> 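Below is the structure I would like to discuss, written out as structure tokens.
Only this structure's heavy atoms are used, side chains among them; waters, hydrogens and symmetry mates stay out. Just so you know, ligand 1 is whichever comes first in the structure, and atom 1 is the first atom listed for that ligand. The model shown is predicted, which means the values in this text are computed figures rather than measured ones.
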Amino acid sequence: MSFVLKVWETQISSYRLRSTEMGNQDLDQRGRWGSKAVFVFAAAGSAIGLGNIWRFPLMVGLNGGAIFVFVYILAVVMIGFTVMLAEFTVGRHTAKNPVGAYDAIKPRSLWKLAGYLGVFGCACFLSFYGVVAGWAFGYFYKTLGGTFKGEITWLASDAIFTHFAARPLEIILCLFVIIGLTTFVISRGVKAGIERWTKFLMPMLFGIIILLAIRAVSLPGAGTGLSFYLKPDFTKLNTTVVFFAVGQAFFSLSIGIGTMITYASYLSKRDNLVSSAGWVCFFDSLIALLAGIIVFPTLFATPGLTPDKFEPSTGLMFQVLPIIISKIPGGYVFGILFFFLLLVAALTSTISLLEVPVAYFVDERNWSRKKAALLVGFFCFLLGVPSGLSHGGVGIFTKWNFMKHMDLVFGNIVLALGGLIISLFVGYVWKIKNALKEISFGNTIFSLKSLWVFNVKFLAPVVIIVILIFILTLSG
Ligand code: PHE
């Protein structure tokens, strides 16, 4: 376990103090990423997680297949990248947590509330995200124990998941382990370098995903799955698809909730914000697209299964993976590795989520890191319990579909709202010329400048407002 802990520790741990750079006293006291590569790894670590592997295929399945993928890619390129760059800019300029950042640019204004939305939103997000990370932990030890040895049918796989997700004690224990580890890492704060482990683990996750994808596409009958996934049917395009695609882009890129403001606050003026955002968007989308290549061919090649069978927030990936793993030679070892790496990917995301409220309490309220991590961590754990129990664990939470609602509010609406606010803030309040000046440090030729300015001032706000109105009228 200590090996695993080290890996997680490294995520946050690269806030290196570099007192020789820049000579900025405040910034140096807060700590700084070792280099741009470290920052890109950390930001990609936050972005790549369950959102790519668990949630993306689920969203594709529920929203018309390839058409969703198409809109999703557009959303990442046009809106996701735009908002991410806006967050990086504000974060690096102010070198503060989201509340402090809004306040530094527009002191004593209501804009600060957007910062609070991020701080509170991250804690709530972590509560239900921690439950799914707990599933990954549960599947890791199940695989280790040999549960998925031998040929796994859909029925068996479904029964294993349903049975597991409905066991209150086990689920709460898994949630406790996840939040506990996250809290531990965050409370320890700064140490060692991120490169060492992530450089090694992320490519490994990538390698395993590729192998599984190759096996999936070579299954008999995989073609139907591939065309469901990759051949868009434009008659299925509607506002719901757009809403969930934009929501998924925000979810997967970790934007709209202050994480990227916070991470960029530890960044040096020498680093290139534009290419950093580009790389994070690229890696993140690549992993999500590959996850779909594993899920859909397997799903369509398995008798009795169709993607629309699944409710949001179920464990599609968890149910499909054992099937594909059981079909490859050495599947036992692959399974263990896969769930271990999924767990690491999930933890690099939970760490970034907890870092936002903790940075707030440390920066703005002068709490010690330890106290902030423990109290916020405990709050997230308590709030996570009803989500954990809403898959059959406790009748009333299951009936309310508690986790589905947490996902809708914090995994979609809050992120989109946060994205809207940061775009308006950068475009009209802080003013574009100041943002461009910040971007110019570390990047003198910003060739996409006019497109970004247009997107931040017009496209992102308009699209987000339209989908928010749509969702409010739907639920109203
Ligand atoms: N992007 C992460 C994932 O895809 C989830 C996340 C969202 C993390 C928002 C931090 C902030 O799993």
> Students often mix this up, so state it plainly: with edges at 30° and 60°, are the rings of F161 and W135 parallel, tilted or perpendicular?
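Ring orientation, 0 to 90° scale: perpendicular.
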
> Tell me whether the rings of F300 and F296 are parallel (<30°), tilted (30 to 60°) or perpendicular (>60°).
tilted

> Take F176 and F381, measure what ring pair (Phe, Tyr, Trp, His ring centres under 6.0 Å) needs, and give me the verdict at the end.
CA-CA 7 Å; F176 185 79; F381 168 69; 5.4 Å; yes

> If you compare all heavy atoms of S387 against all heavy atoms of M406, which two are closest, and at what distance to 0.1 Å?
OG-CG, 3.7 Å

> Apply the side chain to side chain contact (heavy atoms under 4.5 Å, CB included) test between I464 and each candidate in L420, I421, L424, L415; give the one that qualifies.
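That would be L420.
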
> For ligand 1, is any non-hydrogen atom under 4.0 Å from S254's backbone (N, CA, C, O), its side chain (CB onward), both, or neither?
both

> Is NZ or CZ of R365 both nearer than 6.0 Å to the six-membered ring centre of Y360 and within 45° of the ring axis?
no

> By number and element, which atoms of ligand 1 are closer than 4.0 Å to a non-hydrogen atom of L50?
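Reading through ligand 1 atom by atom, the close ones are 12 (O).
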
> So if I count the atoms of ligand 1 from 1 in the order they appear, which ones are less than 4.0 Å from some heavy atom of N52?
4 (O)

> Quick check on contacts: which atoms of ligand 1 are under 4.0 angstrom from a heavy atom of T259?
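Those atoms are 10 (C), 11 (C).
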
> Using a 4.0 Å cutoff against the non-hydrogen atoms of G51, which atoms of ligand 1 qualify?
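Atoms satisfying the 4.0 Å criterion: 3 (C), 4 (O), 12 (O).
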
> Short list, please: which atoms of ligand 1 are under 4.0 Å from a heavy atom of S352?
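Reading through ligand 1 atom by atom, the close ones are 10 (C).
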
> Which residue and non-hydrogen atom of the protein lie closest to atom 12 (O) of ligand 1, and at what distance in Å?
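Nearest neighbour among protein heavy atoms for atom 12 (O) of ligand 1, to 0.1 Å: Y129 OH, 2.4 Å.
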
> If the cut-off is 4.0 Å to any non-hydrogen atom of S46, which atoms of ligand 1 fall inside it?
1 (N), 2 (C), 8 (C), 10 (C)

> Between the side chains of K371 and S187, is a donor N or O closer than 3.5 angstrom to an acceptor N or O?
no

> Any nitrogen or oxygen of I48 lying under 3.5 Å from a nitrogen or oxygen in ligand 1? Just yes or no.
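It does not: no N or O of I48 is found under 3.5 Å from an N or O of ligand 1.
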
> Considering heavy atoms of the protein only, find what lies nearest to atom 3 (C) of ligand 1 and give residue, atom and distance to 0.1 Å.
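Its nearest protein heavy-atom neighbour is A47 O, 3.1 Å.
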
